[in-house]
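Reminder, nothing fancy here: chain letters follow the sequence lines and each chain counts from 1. Values in this document were obtained by computation on a predicted structure and should not be read as measured data.
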Amino acid sequence: MPYLPNTSADQQAMLDAIGVTSIDELFEMVPADLRLNRPLALPPALTEFELTDHVGRLAAKNTSAGQRVCFLGGGSYDHFIPAAVDAIASRGEYYTSYTPYQAEASQGNLQVFFEYQTLITRLTGMDVSNASLYDGGSAAAEAVFMCLGATGRRGRVVTAASVHPEYRQILQTHLGNLGIELVTVPTPQGNLAPEDLVSAVNDQTACVLVQQPNFFGCLEEADSLARIAHQAGARFVVSVDPISLGLLTRPGDYGADIVVAEGQSLGNPMAFGGPYLGIIACREELVRRMPGRITGQTTDRHGRRCWVLTLQTREQHIRREKATSNICTNQGLYALRATIYLALMGPQGMREVAELCLQKSRYAQDKLASGGRLSRAFDRPTFKEFVVRDQEDRVEELLEEAGRHGFFAGIPLGRWYPELADSFLVTVTEKRTKQEIDALAASLV
Amino acid sequence: MPYLPNTSADQQAMLDAIGVTSIDELFEMVPADLRLNRPLALPPALTEFELTDHVGRLAAKNTSAGQRVCFLGGGSYDHFIPAAVDAIASRGEYYTSYTPYQAEASQGNLQVFFEYQTLITRLTGMDVSNASLYDGGSAAAEAVFMCLGATGRRGRVVTAASVHPEYRQILQTHLGNLGIELVTVPTPQGNLAPEDLVSAVNDQTACVLVQQPNFFGCLEEADSLARIAHQAGARFVVSVDPISLGLLTRPGDYGADIVVAEGQSLGNPMAFGGPYLGIIACREELVRRMPGRITGQTTDRHGRRCWVLTLQTREQHIRREKATSNICTNQGLYALRATIYLALMGPQGMREVAELCLQKSRYAQDKLASGGRLSRAFDRPTFKEFVVRDQEDRVEELLEEAGRHGFFAGIPLGRWYPELADSFLVTVTEKRTKQEIDALAASLV
Amino acid sequence: MRNTQAIQPLFELSRPGRRAAVLPKCDVPTRPLDELIPSGSLAASPPALPELSEPDVVRHFTNLSTLNMSVDTHFYPLGSCTMKYNPKRNERLVSLPGMADLHPYQPEATLQGMLELLWTLQEMLAEIGGLHAVSLQPAAGAHGELTCLLMARAYFRHLAQPRTKVLAPDSAHGTNPASAAVAGFEYVTIKSTPRGFVDLDDLRAKLDDRVAVFMITNPNTLGMFDREIREIAGLVHEAGGLVYLDGANMNAILGISRPGDFGADMMHYNPHKTFSGPHGGGGPGAGPIAVRANIAPYLPAPLVAKDGNRYRLDYDRPKSIGRVRSFFGNTGVLVRAYCYLRTYGPKGIREVSENAVLNANYLLSRVKHILPVPQGDRCMHEFVATASKIKAEKGVSAMDLAKRLLDYGYHAPTVYFPLTVKESMMIEPTETESKETLDAFAKTLFQITEEPAELLHEAPHTTPISRPDEVRAARQPQTSWPE
Amino acid sequence: MRNTQAIQPLFELSRPGRRAAVLPKCDVPTRPLDELIPSGSLAASPPALPELSEPDVVRHFTNLSTLNMSVDTHFYPLGSCTMKYNPKRNERLVSLPGMADLHPYQPEATLQGMLELLWTLQEMLAEIGGLHAVSLQPAAGAHGELTCLLMARAYFRHLAQPRTKVLAPDSAHGTNPASAAVAGFEYVTIKSTPRGFVDLDDLRAKLDDRVAVFMITNPNTLGMFDREIREIAGLVHEAGGLVYLDGANMNAILGISRPGDFGADMMHYNPHKTFSGPHGGGGPGAGPIAVRANIAPYLPAPLVAKDGNRYRLDYDRPKSIGRVRSFFGNTGVLVRAYCYLRTYGPKGIREVSENAVLNANYLLSRVKHILPVPQGDRCMHEFVATASKIKAEKGVSAMDLAKRLLDYGYHAPTVYFPLTVKESMMIEPTETESKETLDAFAKTLFQITEEPAELLHEAPHTTPISRPDEVRAARQPQTSWPE
Ligand SMILES: Cc1ncc(COP(=O)(O)O)c(C=O)c1O
Ligand SMILES: Cc1ncc(COP(=O)(O)O)c(C=O)c1O
């Protein structure tokens with residue numbers, strides 16, 4: 001076996017040293033009647049060449065986003081990934097190491113996480129970021145848990161239909177289990193109307209969670225919403241698209257208490273949904289409720305600047321049932337990738353990628369709406385995504401037809417929004433060209 | 001520009017420090033009338049995304065060997081490359097370093113080259129290997145130069161038609177230039193008949209160069225040929241397929257004085273012909289005529305075992321016009337890849353890959369010959385390649401037809417051997433399956 | 001020889017106007033920004049990120065990486081984490097465009113290869129666990145624990161049983177109690193016997209009709225297989241509770257004993273441990289869960305279903321607890337697990353555990369003369385030694401030994417966990433290490449115990465830094481670079 | 001912290017019976033070996049290679065790599081080698097299956113993308129050199145030199161002129177004389193002036209009707225552009241000879257001055273220097289050559305030709321000297337060069353040389369106060385300082401300084417070349433280094449010159465080894481591990 005160094009000679013020598021005669025003897029601890037007396041029913045072993053061939057064939061049964069022109073988004077985005085990200089993240093010292101419990105043997109990872117935390121605070125305008133959570137959706141749930149604790153309010157959590165439906169499902173799983181009401185304010189106009197929020201919050205509301213830009217690609221009136229939440233004594237949690245922060249106001253500047261985000265778009269492949277990167281950042285006062293690992297700067301025995309995991313008394317391995325969260329393994333490698341991505345992009349790069357998304361997606365909206373059959377579902381300012389309504393209400397056919405022309409044209413919304421069964425979500429990243437957009441428009445008629 | 005750190009502020013500060021007012025001033029050394037007064041006529045700059053898209057499109061205009069079933073060989077082979085080879089060779093410390101002139105900052109490369117040299121001597125049964133030459137063809141030329149020097153004979157060099165035609169072209173380029181006769185013994189039976197060699201060599205013959213297995217895939221009677229060469233006082237040079245040495249007698253055991261080989265098959269991609277790996281190994285007595293770099297073991301100031309470039313007095317940077325060769329930059333990275341490949345394969349792996357090539361290619365021969373239209377051109381034992389004759393003498397059509405069925409079926413031999421215009425060379429590596437071979441046979445009728 | 005300049009924090013390396021990434025010109029007619037975005041929503045300036053060239057960035061992160069120990073470079077016997085070799089072939093295959101470049105909302109017809117792979121993995125994990133249904137959605141082991149506990153709540157809610165308690169031994173990993181709390185349970189600790197087994201009397205005493213789940217790690221965190229697991233499960237089941245198996249230590253029993261067969265109703269796997277998913281400096285992992293038929297209806301949606309030879313995502317699960325994560329899950333880690341299982345096959349996968357246990361017992365036999373191993377002479381995949389003797393004799397702590405090991409090129413074992421053993425060093429060699437490595441490690445450990453205490457208190461001496469001031473880090477936390 | 005066990009030579013790590021690679025079962029009916037191979041040709045036993053597991057192999061080579069300095073990790077001002085940043089995007093693109101997985105004998109119809117790329121590269125290299133035809137076949141710079149000299153022989157043979165001599169300045173790189181010798185020429189050295197320029201009188205004196213080629217490196221190895229190059233070329237041409245431009249230093253004059261315009265008839269490029277091909281620990285490189293129309297017929301075959309919008313390999317070149325390498329050439333390096341040139345474009349490529357020259361002159365201005373720079377205050381892309389003063393004053397040699405630089409995390413400059421300057425240190429920063437790096441390097445160099453001589457004689461002190469015994473290595477050469 002390629003990964004098993006022990007030869008039978010090694011095994012014999014080791015058994016002798018242990019003082020047993022067979023490997024079976026070592027398993028005596030396992031009562032005979034609990035042992036499996038047959039081989040596991042698994043498919044046969046494959047050599048590296050056979051495995052490569054086999055998985056290659058499975059991969060070939062998929063149509064990759066690159067084989068068509070991808071206009072899909074909805075929380076997972078086809079942004080360009082610079083080669084340097086892959087080149088660095090594929091170094092064994094990064095991807096085959098584990099949590100930096102031994103700071104002296106992990107300064108590489110610790111400094112990267114410190115840099116990651118800084119980049120996230122700069123991007124979001126918040127005070128503190130942790131070193132990653134699983135994904136944007138579970139990060140939203142963790143943020144809500146923080147607010148439940150911070151406010152001591154267990155009455156309700158308010159969110160909007162314009163928040164990613166799967167994120168809301170995750171919230172429902174947890175809040176339903178705890179018997180806390182999740183109020184979802186409808187967004188018929190494509191965004192959360194401040195007046196609707198006013199009537200949804202009450203003095204038992206732990207927090208308000210909105211998404212900016214929202215699931216429909218529309219911009220929320222974030223500052224008004226923040227004010228309303230705070231007036232009700234609730235915390236304001238925003239789920240953002242990190243790419244949009246190259247251009248849009250930083251959540252810290254309109255009053256967010258906690259910012260969460262899906263970090264996939266920062267240099268991580270779409271990979272059928274994972275691994276992704278759960279971003280969470282908050283205000284100073286909430287730091288001791290922050291879930292997951294946090295890296296802090298300090299000095300060593302010789303006064304040298306260095307980094308360590310800090311504030312660990314929040315964490316499960318110390319506080320056990322009193323911990324702020326149960327998270328242990330996080331998404332370190334994807335925090336590294338995001339750090340490299342942001343270091344390569346810099347302020348100008350982030351600004352430009354955001355502007356390209358904005359301009360191209362606006363161009364696509366006008367182009368698609370110009371045909372007659374399709375129209376914009378919502379008349380709101382958008383960033384890189386928008387909802388298109390099909391007069392003829394034949395979304396599935398339309399998208400299948402576009403597929404035959406070589407496009408992943410959009411995401412049908414009916415599965416989450418019965419009232420939008422005639423609509424689909426179109427996303428335009430910086431990778432899409434005018435030519436591709438024009439061709440899409442031509443194919444969608 | 002992504003690779004230019006200097007900002008205009010940096011440039012200004014640097015110009016001030018130098019004491020000039022503009023970058024142009026720095027170029028005053030270049031007479032004005034020698035300066036180009038227009039931009040170079042090059043295609044416009046591309047961003048990383050545009051370049052990736054552009055080169056991706058160029059790549060898509062090619063049909064890769066993996067997109068068809070590849071039965072091509074003739075000195076470049078479709079052997080399997082384990083993932084670990086790419087993973088290690090893509091580490092920056094290997095591929096962005098240069099010749100280990102500073103031993104203290106290059107022990108990684110030096111030890112790898114020492115291990116490479118050892119693996120090559122073990123594989124070939126020779127005493128000394130260098131740290132690589134350009135490719136198998138130029139290595140053959142270097143070997144011949146060694147023999148010219150060692151024997152002092154400038155009369156002729158004898159080789160056989162069964163040696164790779166391009167290698168013989170390289171020899172002709174050099175020997176023709178030096179006015180030394182290159183005698184090429186015909187091989188109508190598919191191999192070099194000892195009696196023919198006897199009449200080709202004379203007392204002015206510097207060396208005999210043969211290939212084992214030869215270009216037609218056939219085995220030469222290497223030991224008899226060696227004896228004949230030595231009886232004539234000539235050196236015996238053999239060009240081998242390293243993969244075959246998992247199974248075949250080592251050249252050192254049948255009297256080779258110098259062994260050369262194309263190392264591509266040892267973990268290196270076919271890459272349209274390069275970079276490849278020129279392997280050369282010789283007997284002790286010839287070591288001071290060896291071209292290129294050689295790594296030697298020694299100890300450092302503290303008595304620690306270490307490695308350095310040695311016997312450099314052979315080389316151009318020391319001996320200049322008296323050097324054994326003009327080579328400077330070699331193929332270090334590909335020597336590394338071969339080292340990793342051989343370390344992964346081990347004795348058993350090399351034995352098994354050779355046996356798979358042998359058995360499968362023999363199966364393919366019988367299968368192809370069973371159809372009626374095709375027949376084996378030579379009735380000689382072969383290793384992984386063989387020559388097929390088309391009764392109907394329509395090789396090009398036949399191969400094109402096979403191409404349409406998804407096969408790179410073989411290499412037409414007419415371009416080098418008019419007498420074999422009705423034949424083509426078929427290669428079967430360990431990667432080819434019975435199913436693929438059967439399908440090839442079915443398509444070649 | 002180290003390049004100290006390149007590893008200055010990004011923010012020190014930054015210079016105004018430097019750039020790495022350059023974006024293409026906009027090829028569509030552009031509009032003024034304020035026409036597209038309400039001025040209030042436009043940031044006054046681009047984000048305050050560092051400005052670097054590509055060579056700066058590459059040199060910075062390449063040098064930083066060399067400050068880490070890792071499985072690719074060092075023996076990494078970090079107990080409970082199963083730091084085994086991460087196959088390069090898996091990395092190659094998971095990054096094929098046909099695997100990595102798939103959008104989660106593509107039509108299922110364009111995902112048949114991926115769905116086939118994931119469906120097969122579900123089947124394999126059910127078989128290995130001896131259980132009936134599998135969800136691949138949880139993102140890590142702890143997430144799997146939480147998901148199963150949420151399912152238990154739903155299950156008992158459905159049975160109209162008000163069960164509010166989760167029990168687990170004191171040796172349990174921190175995520176067990178933490179997951180119980182997040183799921184809204186009251187957490188109760190069960191004593192262990194000196195050899196680390198569940199104290200049956202204490203368990204009996206604490207079992208009642210309020211107990212929903214008993215969580216057990218078997219083999220436990222001492223690397224001991226609890227012989228009484230069947231009896232334990234029996235007691236829990238009698239009391240109407242469910243048995244949860246923390247599968248972090250599955251590396252010891254693959255193909256040898258199946259949780260479903262010894263009484264577990266629910267379990268999670270840690271593919272990043274058992275199935276060679278790389279640990280990524282802290283993650284990602286994955287936390288697939290396997291359950292008995294009676295729990296299956298509560299699994300989070302979607303699962304991969306097979307109709308004839310078509311594969312699809314099955315969302316139609318009325319009793320499902322819903323989602324715990326967006327999209328499908330940590331697919332990349334799951335693809336690696338699939339590659340790993342396909343590489344070993346039925347016979348090989350058992351050899352993994354055989355050699356993991358052999359290596360651990362061999363190392364135990366080398367170490368016990370140096371540091372006492374309270375649990376005795378046998379273990380499964382890992383064992384826990386104690387430094388309390390040497391601590392008493394010359395004041396050298398487990399931490400001192402751990403730090404000194406770094407000097408000799410070994411990552412430290414897990415120290416101070418489990419909490420049930422004083423000055424504990426939890427050592428898990430894994431099956432991918434050679435006898436020579438284990439011998440050299442034991443020899444070094446012995447050498448260290450002979451070294452003067454002062455030297456050890458100040459260790460490590462050859463690492464880039466030594467003994468960071470953690471108190472200061474926590475007192476005045478600086479968790480980001482000042483603007 | 002180093003793992004010393006993993007870097008033992010492979011042969012010490014080997015254990016009988018250990019395996020990494022496992023091959024598939026044979027799926028065709030097999031025959032006894034002796035039926036297929038004459039017994040005499042069958043090896044008695046498999047080759048005596050080391051036996052290792054995959055984890056062994058990965059850990060061995062990963063740890064070994066960290067003993068190297070490299071451009072990705074360190075400032076590498078190795079004069080004459082242009083150790084610039086090697087773009088990661090080029091590595092990604094060259095390894096696309098559509099580039100890396102192509103057999104050289106595939107039908108041209110299946111190679112149109114590759115041939116288009118190579119044809120365009122031929123065109124670009126002709127334009128940059130100001131010459132007319134390009135061959136991409138030579139495998140490195142020295143190989144390009146040799147190829148051009150072989151063409152010169154053919155050219156003069158064709159003209160029935162018995163020209164037997166190649167001339168070059170004493171500052172020429174060793175490959176120049178060596179290539180001349182391999183091509184069968186008599187090699188004659190031309191003096192240089194103190195500032196490193198060609199001594200015109202000596203050139204005149206040695207020019208006659210036996211001279212075939214004058215080889216010149218311009219900018220020369222002191223990093224000086226020879227103002228008299230036109231005149232020099234004129235003299236050579238008058239004498240009926242050809243001018244060869246060694247293009248190793250093209251990084252100084254891209255888009256600024258073209259060899260063809262200043263009189264060169266033939267030249268080579270070093271894409272692994274000028275066009276960012278990685279140096280690979282010694283190679284591979286490539287040595288494309290560009291020549292004037294009158295030499296074009298002698299270029300090695302094949303070239304890439306374009307008919308309409310089809311591309312093909314043109315073998316039909318009756319006057320060609322033939323082949324110097326098998327197959328097409330070091331394609332992978334050429335693809336990287338293409339990517340590099342497409343990244344910079346016309347304006348950018350000139351900025352490369354501007355910044356290379358700016359960096360060199362800036363560093364010269366920092367260094368000259370520490371070590372004298374005989375050539376004066378100006379240079380092109382590199383300059384040569386001398387340690388002869390400090391050698392005289394305190395016995396510290398260029399080698400001592402070079403070795404000590406390693407301790408501070410800098411690769412050493414090229415020392416003792418060119419031979420025309422005593423105790424020479426040839427420093428080439430390249431354009432991809434930042435001002436801060438150059439400042440820090442100069443500061444360190446100054447610091448070192450202040451350090452005690454004894455310390456420097458024994459440097460380096462922080463590298464894995466120090467001052468290997470080269471004499472011993474050469475006296476009793478051990479070039480492989482004993483069987
Ligand atoms: C025994 C045990 N249980 C649970 C966990 C949690 O798994 P994860 O880190 O994947 O969330 C771990 C690993 O840290 C563990 O060792
Ligand atoms: C001036 C000069 N000429 C020629 C060469 C030879 O080039 P290569 O090493 O690519 O053969 C070099 C590089 O080593 C050089 O610096």
Side-chain angles (χ1 to χ4, degrees), chain A residues 5 10 14 29 39-40 42 45 55 58-59 61-64 72 88 91-93 95-99 104-105 107-109 118 121 134 137 166 169 173 269 272-275 296-298 300-301 306 308 310 316-317 320-321 323 326 329-333 344 346-347 349 351-352 359 363 434, chain C residues 20-21 23 27-28 30 46 48 51 61 64-65 67-72 93 96-98 100-104 110 112-113 139-140 142 174 177-179 181 187 225 255 262 278-285 322-323 326-328 330-331 345-346 362 434-435 463 465 467-468 473 478 480-481:
Chain A
D10 293 330
M14 293 162 87
M29 216 182 287
L40 286 165
L42 299 175
V55 176
L58 288 175
K61 288 187 192 173
N62 301 321
T63 304
S64 74
L72 306 181
I88 294 165
R91 286 181 60 84
E93 294 93 328
Y95 79 86
T96 74
S97 57
Y98 193 36
T99 309
E104 293 93 337
Q107 281 300 296
N109 286 329
T118 306
T121 56
Y134 304 135
E166 293 189 352
Q169 289 168 6
T173 300
F272 189 56
Q297 182 171 314
T298 184
D300 82 343
R301 195 155 59 78
C306 61
V308 294
T310 191
Q316 46 75 26
H317 63 284
R320 304 179 69 83
E321 66 269 32
N326 69 326
T329 292
N330 61 10
Q331 305 286 115
L333 189 68
L344 289 167
R351 179 61 167 248
E352 289 170 16
Q359 296 287 359
Y363 173 80
K434 177 171 183 303
Chain C
L23 280 291
D27 63 351
V28 302
T30 63
E51 301 175 68
F61 289 103
L64 274 187
S65 75
L67 306 184
N68 292 337
M69 283 186 171
S70 67
V71 174
D72 270 7
L93 296 173
L96 293 173
D101 190 25
L102 301 176
H103 190 283
T110 66
Q112 286 299 301
S179 298
Y187 180 75
F225 190 95
F262 58 66
H279 281 73
R323 276 190 169 278
S326 58
F327 308 115
F328 186 82
N330 276 357
T331 314
Y362 177 70
S434 67
K435 177 174 178 299
T463 47
I465 65 142
R467 305 273 176 150
Q478 185 186 339
S480 65
W481 192 261

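Residue C/L23 touches chain A through both its backbone and its side chain, counting heavy-atom pairs closer than 4.5 Å. Looking at A/V308, only its side chain comes within 4.5 Å of chain C, counting heavy atoms on both sides. Looking at A/L72, the atoms closer than 4.5 Å to chain C (heavy atoms on both sides) sit in the backbone and in the side chain alike. For A/R91, the part sitting under 4.5 Å from any heavy atom of chain C is the side chain, from C-beta outward, and nothing else. Residue A/R351 touches chain C through its side chain alone, counting heavy-atom pairs closer than 4.5 Å. For chain C, the nearby part of A/T310 is the side chain; its heavy atoms alone come within less than 4.5 Å.
In this structure, A/D300 and C/R467 have side chains that are not in contact, with every pair of non-hydrogen atoms separated by 4.5 Å or more. Using a 4.5 Å heavy-atom cutoff, the side chains of C/P177 and A/Q316 are not in contact. In this structure the side chain of A/Q169 never reaches within 4.5 angstrom of the side chain of C/S326, judged on heavy atoms. Taking 4.5 Å as the limit, every side-chain heavy atom of A/Q107 sits out of range of all side-chain heavy atoms of C/T463.
Minimum heavy-atom separation, C/F327 to A/E166: N-OE1, 2.6 Å. For C/T331 against A/F272, the heavy-atom pair with the smallest separation is OG1-O, 3.1 Å. Taking both residues in full, the closest heavy atoms of A/S64 and C/L102 are given as CA-CD2, 3.7 Å, listed atom of the first, atom of the second, then distance. The nearest pair of heavy atoms linking C/P468 to A/E104 is CD-OE2, 3.6 Å. Counting all heavy atoms, side chain and backbone alike, C/N330 lies closest to A/Q331 at ND2-OE1, 3.3 Å. Considering every non-hydrogen atom in both C/S65 and A/E93, the closest pair reads O-CB, 3.1 Å.
Your options are A/L344, A/I88, A/T99, and the one with the most heavy-atom pairs under 4.5 Å with chain C is A/L344. Ranked by heavy-atom pairs under 4.5 Å with chain C, the list A/V55, A/L58, A/T121 is led by A/L58. With chain A as the partner, the residue from C/N68, C/L64, C/L93 showing the most heavy-atom pairs under 4.5 Å is C/N68. Note: C/R323 leads C/H279, C/R323, C/Q478 in heavy-atom pairs under 4.5 Å with chain A. Between chain C and the residues A/G332, A/G92, A/G346, A/A105, the largest count of heavy-atom pairs under 4.5 Å involves A/A105. Per-residue heavy-atom pair counts under 4.5 Å with chain A were compared for C/G281, C/P46, C/A473, and the maximum is reached by C/G281. Comparing C/A139, C/G282, C/A48, C/A21 by heavy-atom pairs within less than 4.5 Å of chain A, the highest count is held by C/G282. In terms of non-hydrogen atom pairs under 4.5 Å with chain C, the most contact-rich of A/G349, A/P269, A/G137, A/P5 is A/P5. Here A/L40 is the residue among A/L40, A/D10, A/L333 with the most heavy-atom pairs under 4.5 Å with chain C. The most heavy-atom pairs under 4.5 Å with chain C, out of A/T63, A/T298, A/N62, come from A/N62. Counting heavy-atom pairs under 4.5 Å between each of C/H103, C/E51, C/Q112 and chain A puts C/H103 at the top. Between chain A and the residues C/A20, C/G283, C/G345, C/S434, the largest count of heavy-atom pairs under 4.5 Å involves C/G283.
Between the side chain of A/T118 and the backbone N or O of C/W481, at least one donor-acceptor pair lies under 3.5 Å. With A/T329 contributing its side chain and C/G285 its backbone, the two residues share no donor-acceptor pair below 3.5 Å. Side chain of A/T96 to backbone of C/D72: a donor-acceptor contact under 3.5 angstrom is found.
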